[in-house]
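This report refers to the structure that appears directly beneath it.
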Number of protein chains: 2
Amino acid sequence: MKNNIRDLRAEKQLTQGDLAEAVGVSRQTINAIEKEKFDPSLPTAFRIARLFGRTIEEVFRYEEV
Amino acid sequence: MKNNIRDLRAEKQLTQGDLAEAVGVSRQTINAIEKEKFDPSLPTAFRIARLFGRTIEEVFRYEEV
DNA sequence: GACATTTGTTAAATATTGTTTACATTTGTC
DNA sequence: GACAAATGTAAACAATATTTAACAAATGTC
């Protein structure tokens, strides 16, 4: 799973901590998702996308196995 | 999280077993998601949406807490 | 009504994801 | 270079997703 959270976050000038607070997860969780250590849960993905005013497909890109 | 997998599945005349196989999860997982027992992972949500030719937002509806 | 198919459900076990804590590294500013 | 802010990372744990197996209930067909 790829994502462009880093760019979207930069656009809005939010730190990982800002985003974490807005989304309701820990800063380390945002960091891990951003660094693509693991995928967020579907609810978390929805909250992230919504926060940026984007669809999930615009934020995350799934590459078929 | 709400979803309309049941209707989409009916449109395509797929059984839960058919969908499970196409998506790559167990039939019970499809049943549980369909009955909204729990949310799928993000990759599974992507595969389900893709299979129906829909976006995740068209298949799943997230209601803010 | 017998039969096959589909769906619902439950329990236990496993895998994956999210949180916390703590510390290290990087980056920017003075 | 000192300092603060931001980011990276890791281990332990908590929470959730998924599988497997088994059986019950519903549905459709003959």
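All values below come from the heavy atoms of this structure, side chains included, with hydrogens, waters and symmetry mates left out. Numbers restart at 1 for each chain; the letters A, B, ... are given by sequence-line order, proteins then strands.
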Exercise for review: Using a 4.0 Å heavy-atom cut-off across all strands, classify Thr29(A) as base, sugar-phosphate, or nothing.
Suggested key: base
Exercise for review: Would you kindly give the CD-to-C1' distance between Glu36(B) and dT9(C), to the nearest whole Å?
Suggested key: 16 Å
**Study point:** Gln28(B), nearest nucleotide to its side chain (from dT20(D), dG18(C), dA17(D))
**Key:** dT20(D)
Review point. Would you say a side-chain N or O of Ser26(A) is under 4.0 Å from OP1 or OP2 of dG18(C)?
Key: no
Point to revise | For atom CZ of Arg27(A) and atom C1' of dA24(C), their distance in whole Å | key: 11 Å
Practice item. Considering just the side-chain nitrogens and oxygens of Thr15(B), establish if one lies under 4.0 Å of OP1 or OP2 belonging to dT5(C). Key: no
Point to revise | Exceeds 12 heavy-atom contacts within 6.0 angstrom, atom CD of Glu21(B) | key: no
Check your understanding: Which part of the nucleic acid, if any, lies within reach of Glu34(A) when heavy atoms closer than 4.0 Å are counted: base, sugar-phosphate only, or nothing?
Key -> nothing
Review point. When you measure from the side chain of Arg50(B) to the backbone N and O of Tyr62(A), does any donor-acceptor pair fall under 3.5 Å?
Key: yes
Review point. Nearest-Å distance, CG (Asn31(A)) to C1' (dG8(D))?
Key: 6 Å
Review point. Does dG8(C) have OP1 or OP2 sitting under 4.0 Å from an N or O in the side chain of Gln16(B)?
Key: yes
Review point. Given atom CZ of Phe38(B) and atom P of dA15(C), what is their separation to the nearest angstrom?
Key: 16 Å
**Study point:** Rounded distance in Å - CD1 (Ile5(A)) to P (dT7(D))
**Key:** 13 Å
Exercise for review: Measure from the side-chain heavy atoms of Arg6(B) and tell me the nearest of dT18(D), dT7(C), dT17(C).
Suggested key: dT7(C)
Practice item. Answer yes or no: does a side-chain N or O of Lys35(A) lie under 4.0 Å from OP1 or OP2 of dT7(D)? Key: no
Practice item. Using modelled atom types only, decide if a donor and an acceptor are shared between the side chain of Arg27(B) and the backbone of Gln16(B) within a distance under 3.5 Å. Key: no
Point to revise | Phosphate OP1/OP2 of dA17(D): any Thr44(B) side-chain N/O under 4.0 Å | key: no
Revision key, fill the gap. Separation of dT19(C) atom P from Glu21(A) atom CD, nearest Å, is 14 Å
Review point. CD1 of Ile30(A) versus P of dT20(C): gap in Å, rounded?
Key: 13 Å
Exercise for review: Provide the closest heavy-atom pair for Asn3(A) versus Ile5(A) in the form atom of the first, atom of the second, distance.
Suggested key: OD1-N, 3.0 Å
Review point. Whole-Å distance between dT17(C) C1' and Asp39(B) CG?
Key: 13 Å
Check your understanding: Hey, is the main chain of Val23(A) close enough, under 3.5 Å, to the side chain of Arg47(A) for a donor-acceptor pair?
Key -> yes
